[in-house]
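In listed order, ligands and their atoms are each counted from 1.
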Amino acid sequence: MPVLARIGERFASERPLAGVEVGMCLHVTAETANLARALVAGGATVALCAANPLSTQDDVAAALVAHHGIEVHAVHGETLDRYAGHVAALVAREPRVTLDDGADLITLLHEARPELVDRMIGATEETTTGLVRLRAMAADGRLRCPVIAVNEARTERAFNDRYGTGQSTLDGIVRATNVLLAGATVVVVGYGWTGKGVAQRAHGLGAGVIVCEVDPVRALEARMEGFEVLPALTAAERGDIFITVTGATSVLRREHFEVMKDGAILANAGHFDVEIDLADLEAIADGRRDVRPLVEEFEVGGRRLNLLARGRVVNLAAADGHPAAVMDLSFATQALAVEDLVRAEHDLAPGVHPFPAALDREVARLKLDALGVRIDALTPDQAAYRTSWVPAPHEDA
Ligand SMILES: NC(=O)c1ccc[n+]([C@@H]2O[C@H](COP(=O)([O-])OP(=O)(O)OC[C@H]3O[C@@H](n4cnc5c(N)ncnc54)[C@H](O)[C@@H]3O)[C@@H](O)[C@H]2O)c1
């Protein structure tokens, strides 16, 4: 993770986070460990808990505690109660900056210890679903601190969601099932940044891709990209592999399960385990058995439907999540967002704020530099032309 490493080196010499208590509620992976270490290099005291009960890499958690003095509250496969207890343990540390992937820590702080939120410097949010919640809190007048929408940084959306989730979602499905994607029909429900990545990668591996959408613009984009676009109920009869990535609830439910083919595989890459309606599936199933680790087979009207990872994020539950090269960009963005919050302490009003465009360019510049890629710069004339209303001398009318 060369970009984060460079930021960590600068942090070590400038110590911009000296004395700041930071609480991180992120997937406990090797990449997150590097972010935690960069923040510690900047002078912060850091504690970490998981953003999902299934996403913790236990060896990483142990190494952070044993070798880096970072408190970690997470264990792979923890119960929901234990998970909640771990988020509460971070609240008890009274963080002044929080980093979330799904808003669990910042919302618990608001609910349980609102007086702590008032003395917070700010927060960052890594994922779409978290931002939906935080914007809803802001609209209700309930959000009491500034939050930087790291998820909406250009370097985050374009790379993390499209390439990171796209590849790792298919990686999780293949690792869990060993299914051949070439020739299969993959139904992607939701064609946002993540859905686009999943659809592109499935197509690249030789699958026929059907997209289901509710937004006409996104549906049109999918169609013009060359994908078949169908209502989910029609697609349900055709698909071999279903991947939900909408951020919405029950996008695959009883009516869809009832018409799916024998052997269909159901996976979710959306943040919460609500996109595939498990209660509906269990209600209509005549039987259930474990066929492989993370693969449950439900018998529905004589057909077998295979649910992966109980409908939890498949790229984290069944694979390693996003590759380090893409998390390098995301976590460089996180590190710079934390620095920006601390340097601007008390300048930002409560609410959801965009990641500063100049920092976005800096992350991309550092990454290009690490890749040894050089690019052009605007000439002074070009720069002036782009911001002027005066036509250039050689411009045709
Ligand atoms: N697994 C991961 O590592 C990972 C990474 C990034 C984002 N996410 C999560 O994936 C989800 C989607 O994120 P995004 O950034 O692509 O969001 P997005 O809002 O850009 O896209 C979601 C799309 O789903 C569509 N949609 C909503 N309800 C639908 C329905 N019932 N049927 C069909 N389409 C529907 C929306 O119109 C939208 O185009 C979120 O929950 C996000 O938190 C997961």
Side-chain angles (χ1 to χ4, degrees), residues 25-27 29 31-32 50-52 54-55 100-104 125-135 149-173 187-201 210-223 225 227 229-236 239 242-253 255-256 267-277 308-309 311-324 326-327 329-331 333-334:
C25 181
L26 300 177
H27 303 299
T29 62
E31 294 79 17
T32 301
N52 181 295
L54 281 181
S55 60
D100 257 303
D101 187 331
D104 284 353
E125 175 52 53
E126 174 79 16
T127 198
T128 310
T129 292
L131 283 175
V132 168
R133 294 196 166 175
L134 293 166
R135 289 206 166 99
V150 167
N151 178 251
E152 290 166 5
R154 283 165 71 201
T155 36
E156 166 82 17
R157 303 235 74 170
F159 306 104
N160 182 320
D161 296 357
R162 187 167 36 178
Y163 302 116
T165 316
Q167 175 176 308
S168 60
T169 294
L170 295 178
D171 185 20
I173 293 169
V187 177
V188 180
V189 191
Y191 195 68
W193 283 98
T194 42
K196 284 175 194 173
V198 172
Q200 275 179 359
R201 267 50 205 156
I210 298 174
V211 169
C212 308
E213 250 298 339
V214 292
D215 176 339
V217 177
R218 292 246 164 107
L220 184 59
E221 251 186 290
R223 173 65 195 230
E225 197 55 39
F227 300 126
V229 176
L230 289 174
L233 199 53
T234 315
F242 294 82
I243 304 168
T244 55
V245 65
T246 66
T249 57
S250 301
V251 291
L252 292 179
R253 49 187 183 271
E255 66 204 77
H256 305 104
N268 169 50
H271 189 77
F272 287 113
D273 57 352
V274 294
E275 305 210 9
I276 300 171
D277 196 320
L308 306 194
R312 295 205 178 101
V313 268
V314 71
N315 58 332
L316 285 153
D320 292 329
H322 296 161
V326 89
M327 292 316 294
L329 293 170
S330 299
F331 286 166
T333 307
Q334 282 278 14

Pick from [options]: the one approaching [atom] most closely through a non-hydrogen atom:
| atom | options | answer |
| --- | --- | --- |
| atom 32 (N) of ligand 1 | Val217, Val132, Val245, Val214 | Val214 |
| atom 20 (O) of ligand 1 | Glu125, Arg312, Glu152, Arg218 | Arg218 |
| atom 2 (C) of ligand 1 | Asn315, Val198, Thr127 | Asn315 |
| atom 11 (C) of ligand 1 | Gly130, Gly197, Gly247 | Gly247 |

Using a 4.0 Å cut-off to any heavy atom of [X], which atoms of ligand 1 qualify?
| X | result |
| --- | --- |
| Ala248 | 28 (N) |
| Arg157 | 14 (P), 15 (O) |
| Val251 | 30 (C), 31 (N) |
| Thr129 | 40 (C), 41 (O), 42 (C), 43 (O) |

inquiry  = Do Asn268 and Val314 make a side-chain contact, defined as non-hydrogen atoms from C-beta onward lying under 4.5 Å apart?
reply    =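 No, their side chains stay 4.5 Å or more apart.
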ask   = Quick one: does His322 get a heavy atom under 4.0 Å from ligand 1?
value =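 His322: in contact with ligand 1 (<4.0 Å).
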ask   = Above 12 or not: heavy atoms from other molecules or residues under 6.0 Å from CZ of Arg135?
value =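 Yes, the 6.0 Å shell around CZ holds more than 12 heavy atoms from other groups.
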key: Salt-bridge criterion met for Glu125 and Arg133 (N-O under 4.0 Å)   =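 Looking at Glu125 and Arg133, the cut-off is not met.
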